[in-house]
Novice: 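Let me give you the structure first, and then I'll get to my questions.
Quick caveat: nothing in here was measured; it's all calculated off a predicted structure.
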Amino acid sequence: MKRTDATFYRSGTRVLPKVEGRVSRCSYRAGWKRLTFRISTLAAIGAGGYQAGWVHQDATVATAQQIWADPDPALAALEQPGIAAASTAAVGTAAYLALTRKRRELMREWVLPLHEALALPLRLPEQTDPRRYLHIPRNFSEDDAVIRVDVPGRLDFSKDLVADIITTKLALEGVTFSWHLAGRETYVTVKKTRKPPAKAAFKDPKIREIVAAAKESAPVIGIGSAGRIVTVDLDAESPHILVNASTGGGKSVTLRCIACQMLHHGSLVYVLDTKRISHPWASGLPGVTYCRDIADIHDQLIALGMEGQRRTRVADDLGIDADPKAIGPRILILLEEVNATMKQLARYWEKIRESGDPKVSPAVDALNEILYMGRQLRMHVLLVAQSATARALGGPEAREQFSTRILARYSVNAWRMLAPEVHPAPKSTKHHGRAQVVSGGSARETQILFFTEAEAREWATTGKKTATAGGPVPVQRMGPPTDSLPDAGSTTIPGLPPAPEQPASKERPADARNLAPAPAAAPGELAANATATPPTTPAPVDDDQAVGLRAAAEHHLPGITLNALRFARANDPTFPAPADKRGAELLYRVGDLKKWARNRPRAATGTTDLD
């Protein structure tokens, strides 16, 4: 009677439906094995019976008669062999029980409970022998152990549920599931992953060597399991990267790690930060444009979109055999807190939009165009979000442009939204710097590379100088006339160098961390400043006009004192360079001073919308 799914050539693993009663082990063997065993056994019994019955018939009869007449000698002769046989059987039984104790404990403590939990989801009959489809080694909790579970080929079960049951009943952590569902043999293998290192600090000489050897287009993100280096090639794998993490998940550390490596290789970096203080290490660095005000972020995104269109035309003219670097230097756009930034861009556009203008902010359209342009233009977006919903990113199409996604301290809903192709979802951890890098349909647990602010600043400035492509080209500002809104200054086409920075001197250190509030002026000095120039109503002036610091404090920068301006000139590396000189007094362009005032580092309180 056929009780299992075994065939003549293949062994079975499961009991057939509607089979009742106990199923013996031999029912799982292949048909040729059972047939060979039966024929061999019958042949041995037949040969032994023939020899005993015909060859030694006379001797057997005579011996039996003697034993029947006088059994004492026979019993004495069998006493010692009998004792030896009994002792051998006892020792063998004890040895068998001792050697199989761990195996029996494994069956009792782990295999049978797992079988009882999997029988219902896999729809297995009660008579199924768990040893036939649960291949669990005794050292299954060790790092190199491999667990295999044969699953039904009908595939009418939930893989997530089966994975959760295996993980829970075997008390596993940090494992990966590999499903093999094609063909006749369907099974899943469970392997324990080796954890990444607890720390991956740039100050470690080995880590520094790895970063120094990285390609220009493939910055090192961190160290994965078994010491593997985790990188993302922006030219071959993913032109844009999405970082999704809750508060304290290390978003700024991840961006700092990637941005300083890009600056080291001569890329241009645009930091669009409505929080204003996310990346103080990048303030004033060559090749970095830091926009903290929503108006400047709006205009900068539009300018970046125009640069992408320009690069498209240049790439078309150069042809397919041209050097990609001929398009221009590589551009990295760091867009911080996209959830809040997108809302502020929409509100800002509603405020400045005139009749006939589109309803959607042109800055949002420019960002989407950059995402769709691809890797050929050497423009890459590094976007940060606490909840990267399709609505926050401008639609599901925009979110699909991020083929590499870095998730840290994520929820189950966030994983299902951003990495549905990877299941089951790995357990989120609160280990500092630990994240999952999802790319190519797989997730790699990674310890993010940690740069201190001083190390990031040093590494960004010791590499190749930022490539230039000509002089700055001004971009017209969107919105109402300049007399109704403060001007964003001379925003330039991205890909071109920013306005020349004032060289650092002994009185002006180049580290942005030296920023501090200006000391309060003495009352006598305030009175002298107040009486030196009588208050007058200034006439509207052009933002291209060059003025001194005193005139700027009195007429153009309300709320900023002359002492604060002087302190910033000596200590703030982002303070604009002088445009002219009148005697011993340095003159500064009004538009540059206004832009510096809007984007100077300070606590992010209230709204950054312009009134």
Novice: Say you draw a straight line from CD of Q545 to NE2 of H556; how long is it, rounded to the nearest 0.5 Å?
Specialist: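 Q545 CD to H556 NE2: 5.5 Å, rounded to 0.5 Å.
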Novice: What verdict does the side chain to side chain contact (heavy atoms under 4.5 Å, CB included) test give for I448 and F450, after you've listed the backbone C-alpha separation in whole Å, the side-chain angles of each residue and the deciding distance to 0.1 Å?
Specialist: CA-CA 6 Å; I448 301 296; F450 178 74; over 6 Å; no
Novice: Using side-chain contact (heavy atoms from CB on, under 4.5 Å) as the criterion, point out the one residue from T254, V437, L382, L383 that pairs with I241.
Specialist: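 Of all the options given, the one that passes is L382.
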Novice: Whether R457 and E453 form a salt bridge (side-chain N of Lys/Arg under 4.0 Å from carboxylate O of Asp/Glu) is what I want to check.
Specialist: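 No, E453 and R457 are not salt-bridged.
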Novice: Taking 4.0 angstrom as the limit, do D293 and K594 come out as a salt bridge?
Specialist: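 Between K594 and D293 there is no salt bridge, as every charged N stays at least 4.0 Å from the carboxylate O atoms.
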Novice: Side-chain contact test, heavy atoms from C-beta onward, threshold under 4.5 Å: evaluate it for E445 versus P196 and give yes or no.
Specialist: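 Result yes, sub-4.5 Å side-chain heavy-atom pair found.
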Novice: With side chain to side chain contact (heavy atoms under 4.5 Å, CB included) as the criterion, how do F402 and L418 come out once you've worked through the C-alpha distance, each side chain's angles and the decisive distance to 0.1 Å?
Specialist: CA-CA 10 Å; F402 297 94; L418 297 177; over 6 Å; no
Novice: Side chains of V220 and Q261: does their closest heavy-atom pair fall under 4.5 Å?
Specialist: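 Heavy-atom side-chain distance check passes, below 4.5 Å.
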Novice: Rounded at 0.5 Å granularity, tell me how far CZ in R330 sits from NE2 in H265.
Specialist: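 Reported value, rounded in 0.5 Å steps: 9.5 Å.
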Novice: Below 4.5 Å, heavy atoms only, C-beta onward: do H279 and C260 meet side chain to side chain?
Specialist: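 A side-chain contact under 4.5 Å is absent here.
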Novice: Looking at every non-hydrogen atom in both residues, tell me the closest pair between G266 and P329 and how far apart they are.
Specialist: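 That closest heavy-atom pairing would be O-CB, 4.4 Å.
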Novice: Are I223 and I207 side-chain neighbours, meaning at least one heavy-atom pair lies under 4.5 Å?
Specialist: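 The answer is yes, as the side chains (C-beta and beyond) meet within the 4.5 Å cut-off.
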Novice: Tell me whether W349 contacts the main-chain N or O of H298 through its side chain, where contact means a donor paired with an acceptor under 3.5 Å.
Specialist: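 No, because the side chain of W349 does not come within donor-acceptor range (under 3.5 Å) of the backbone of H298.
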Novice: May I ask you to test the L301-L345 pair for a side-chain heavy-atom distance under 4.5 Å?
Specialist: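 In contact.
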Novice: Y410: which residues meet the ring-ring contact (aromatic ring centres under 6.0 Å, His included) condition with it, sequence neighbours left out?
Specialist: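 With sequence neighbours excluded, Y410 shows a ring-ring contact (aromatic ring centres under 6.0 Å, His included) to W415, given in chain and number order.
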Novice: Please give me the minimum heavy-atom distance between L407 and V438, naming the atom from each residue.
Specialist: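 For L407 versus V438, the nearest heavy atoms are CD1-CG2, 3.9 Å.
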Novice: Salt bridge between E216 and R378, side-chain N to carboxylate O under 4.0 Å?
Specialist: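 A salt bridge links E216 with R378.
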Novice: Nearest 0.5 Å, please: how far is CE in M262 from SG in C257?
Specialist: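 Separation between the atoms: 11.5 Å.
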Novice: Within a strict 4.5 Å, meaning less than it, do heavy atoms of the M342 and L367 side chains meet?
Specialist: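 When only atoms from C-beta onward are counted, L367 and M342 do touch, with a gap below 4.5 Å.
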Novice: I need the minimum non-hydrogen distance between L587 and G548, along with the two atoms involved.
Specialist: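 Distance-wise, the nearest heavy atoms are CD2-N, 3.6 Å.
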Novice: When rounded to the nearest 0.5 angstrom, what is the spacing between CD in E337 and CG in L272?
Specialist: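 Interatomic distance, E337 CD to L272 CG, rounded to 0.5 Å: 13.0 Å.
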Novice: Please walk me through it: do M417 and R399 pass side chain to side chain contact (heavy atoms under 4.5 Å, CB included)?
Specialist: CA-CA 10 Å; M417 177 176 59; R399 190 172 62 186; 3.1 Å; yes
Novice: Any donor-acceptor pair under 3.5 Å linking the side chain of Q447 with the backbone of G222?
Specialist: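 It does not hold such a pair.
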Novice: State plainly whether the residues E307 and R310 are in salt-bridge range, i.e. N to O under 4.0 Å.
Specialist: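 Judged by the 4.0 Å cut-off on N to carboxylate O distance, E307 and R310 do form a salt bridge.
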Novice: Please check if the side chain of H380 supplies one atom and the backbone of L332 the other of a donor-acceptor pair under 3.5 Å.
Specialist: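 Not at all, since once roles are kept as given, no pair shorter than 3.5 Å links the two residues.
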Novice: Which value, rounded to the nearest 0.5 Å, describes the distance between Y588 atom OH and L565 atom CG?
Specialist: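 Y588 OH to L565 CG: 9.5 Å, rounded to 0.5 Å.
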Novice: Mark yes or no for whether D204, through its side chain, and A201, through its backbone, hold a donor-acceptor pair below 3.5 Å.
Specialist: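 No; judged by distance alone, with no hydrogens or angles, the pair does not exist.
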Novice: Measure the OG1-CG distance between T389 and N339 for me, rounded to the nearest 0.5 Å.
Specialist: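 So the OG1 of T389 and the CG of N339 are separated by 6.0 Å.
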Novice: Heavy-atom distance under 4.5 Å between the side chains of R550 and R566, does that happen here?
Specialist: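 Yes. Closest side-chain heavy atoms under 4.5 Å.
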Novice: Partners of D233 by salt bridge (Lys or Arg N to Asp or Glu O under 4.0 Å), sequence neighbours excluded?
Specialist: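 In terms of salt bridge (Lys or Arg N to Asp or Glu O under 4.0 Å), with neighbours along the sequence ignored, D233 is linked to K215.
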Novice: How far apart are the closest heavy atoms of E336 and D273, and which atoms are they?
Specialist: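 E336 and D273 have their closest heavy atoms at CB-OD1, 3.8 Å.
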Novice: Should the ring pair W459 and H264 be called parallel, tilted or perpendicular, given that the plane angle runs from 0 to 90° and is split at 30 and 60?
Specialist: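 Parallel: the ring planes of W459 and H264 meet at under 30°.
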Novice: Nearest heavy-atom pair of E237 and T231: which atoms, and what distance?
Specialist: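 Heavy atoms of E237 and T231 come nearest at OE1-O, 3.9 Å.
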Novice: Quick one: does K251's side chain have a donor or acceptor within less than 3.5 Å of a partner on S246's backbone?
Specialist: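 Yes; at least one donor-acceptor contact below 3.5 Å.
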Novice: For I210 and L449: C-alpha separation, side-chain torsions, deciding distance, then whether side chain to side chain contact (heavy atoms under 4.5 Å, CB included) applies.
Specialist: CA-CA 11 Å; I210 293 173; L449 219 60; over 6 Å; no
Novice: I'd like to know whether NE2 of H431 has more than 12 heavy-atom contacts from other residues, nucleotides or ligands below 6.0 angstrom.
Specialist: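 Yes, because the 6.0 Å sphere around NE2 of H431 holds more than 12 heavy atoms from other groups.
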Novice: Ignoring hydrogens, what is the shortest heavy-atom contact between A435 and I406? Give both atom names and the distance.
Specialist: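 For A435 and I406, the tightest heavy-atom pair comes out as CB-CG2, 3.9 Å.
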Novice: Excluding sequence neighbours, so at least two apart, what forms side chain to side chain donor-acceptor pair (under 3.5 Å) with R208?
Specialist: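 Once residues adjacent in sequence are excluded, the partners of R208 under the side chain to side chain donor-acceptor pair (under 3.5 Å) criterion are E458.
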